[in-house]
Amino acid sequence: MRFATWNVNSVRARTDRLLAWLQRSEVDVVALQETKSTDATFPATALSALGYETAHHGVSQWNGVAIVSRVGLDDVQRGFAGQPAFGAPDTTPAVEARALGATCGGVRIWSLYVPHGRAVGDPHYDYKLAWLEALRTDAAGWLAADPQARIALTGDFNIAPTDADVYDVAAFEGHTHITAPERAAFRALDDAGYRDVVRPFTDAPRTYTYWDYQQLRFQKNRGMRIDFALCSPALATAVTGARIDRDERKGKGASDHAPVIVEIDS
DNA sequence: ATGGTAGGCCTCCTA
């Protein structure tokens, strides 16, 4: 079985690329983030024509997460228990469309779009840390309930866990994605039993999953590794390979993130 | 030279 995670940065702007990529990469399941769609505008029909079932969670033009599968799609859950809400000042906080779970081919797949944080000290940064802590608490509970569960926490974590995961750590001094609290929150997921299964197969220097559209960052390979597949122990032992589909970042109309693909036994 | 790109409900917000 082959599953993937990909921040598509608008699924409607990239439907043709998504369909072509599915046919080329032959993934069985892909978790999408930043669909920037509502359930009504998600291109479920076009994906169905390729043989994929879909679940989508989107409530506005922002955020939005989906799971696309040709190996079953059961027990869909929108959001996780304790997922924090966020709202601009003087508005009612809302739980955003940033988490979607479904069981596909015997694996509990989570499509996660961790809040960006915007700037250190911004309310959105505190929201990011609270969101990650709530995720850790819930995800630790899933494993406590069933230590043999095959669970994958996949998506855009908006954290570069080590200095090697950014093209120039000095350029990020004082910015989000590299701060100690964010990195501690990421490590806490590992401590809870969820292992980054992609890095062992993609550990060459300057290996990234995201490149900003500006300043020829992709052409200069000035990127960040911020998209991950964190797997429970029982799932991690089944992993036989992983890769970052850097080619999908090339050319006109690419997302600013590359898909991350994991191969498992069975 | 303090910019630049790309998405969205598009002259502002989000990333």
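Here is how names work: the chains are called A, B, and so on, in the same order as the sequence lines, proteins then strands, and each is numbered from 1.
- Comparing the same atom, P, in dT2(B) and in dG8(B) gives a spacing of 29 Å after rounding to whole Å.
- Across the C1' atoms, dA1(B) and dA6(B) are found 23 Å apart, a figure rounded to whole Å.
- Straight-line distance from the CZ atom of R12(A) to the P atom of dC10(B): 12 Å, rounded to whole Å.
- Partners of D191(A) by salt bridge (charged side-chain N to carboxylate O under 4.0 Å, His left out), not counting sequence neighbours: none found.
- In this entry the distance linking NZ of K252(A) with P of dA6(B) reads 8 Å, nearest Å.
- For residues 55-78 of chain A, the ring pair (Phe, Tyr, Trp, His ring centres under 6.0 Å) pairs, not counting sequence neighbours, are F42(A)-H56(A).
- dC9(B) and dA15(B) have their P atoms separated by 16 Å, with the value rounded to a whole Å.
- Counting side-chain heavy-atom gaps under 4.5 Å among Ile, Leu, Val, Met, Phe, Trp and Tyr, the cluster of V114(A) also holds F80(A), F86(A), W110(A), L112(A), Y127(A), W131(A), L132(A), L135(A), W142(A), L143(A), I151(A), L153(A), F157(A), I159(A), F186(A), L189(A), Y194(A), F228(A), L230(A).
- The separation of dG3(B) from dG7(B), taken at their P atoms, amounts to 23 Å, rounded to a whole angstrom.
- Within the structure, every pair that satisfies the ring pair (Phe, Tyr, Trp, His ring centres under 6.0 Å) test and touches residues 9-41 of chain A, not counting sequence neighbours, is listed here: W6(A)-W21(A).
- The six-membered or imidazole ring of F172(A) lies near that of Y167(A), with a centre-to-centre distance under 6.0 Å.
- Comparing S10(A) and Q215(A) by the nucleotide of DNA chain B that holds the closest heavy atom to each, the one mapping nearer the 5' end is Q215(A).
- Listed by chain and residue number, E133(A) satisfy the salt bridge (charged side-chain N to carboxylate O under 4.0 Å, His left out) test with R136(A) (two or more places apart in sequence, or in another chain).
- At whole-Å resolution of the value, CZ in R222(A) and P in dT5(B) are 16 Å apart.
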Report all interatomic pairs (protein N or O, nucleotide N or O of nucleotides 11-15 of chain B) with separations under 3.5 Å.
residue: dA15(B); atom: OP2; partner: R118(A); partner atom: NE; Å: 2.8

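- The separation between R249(A) atom CZ and dG7(B) atom P is 11 Å, rounded to whole Å.
- Atom CZ in R14(A) sits about 10 Å away from atom P in dA6(B), given to the nearest Å.
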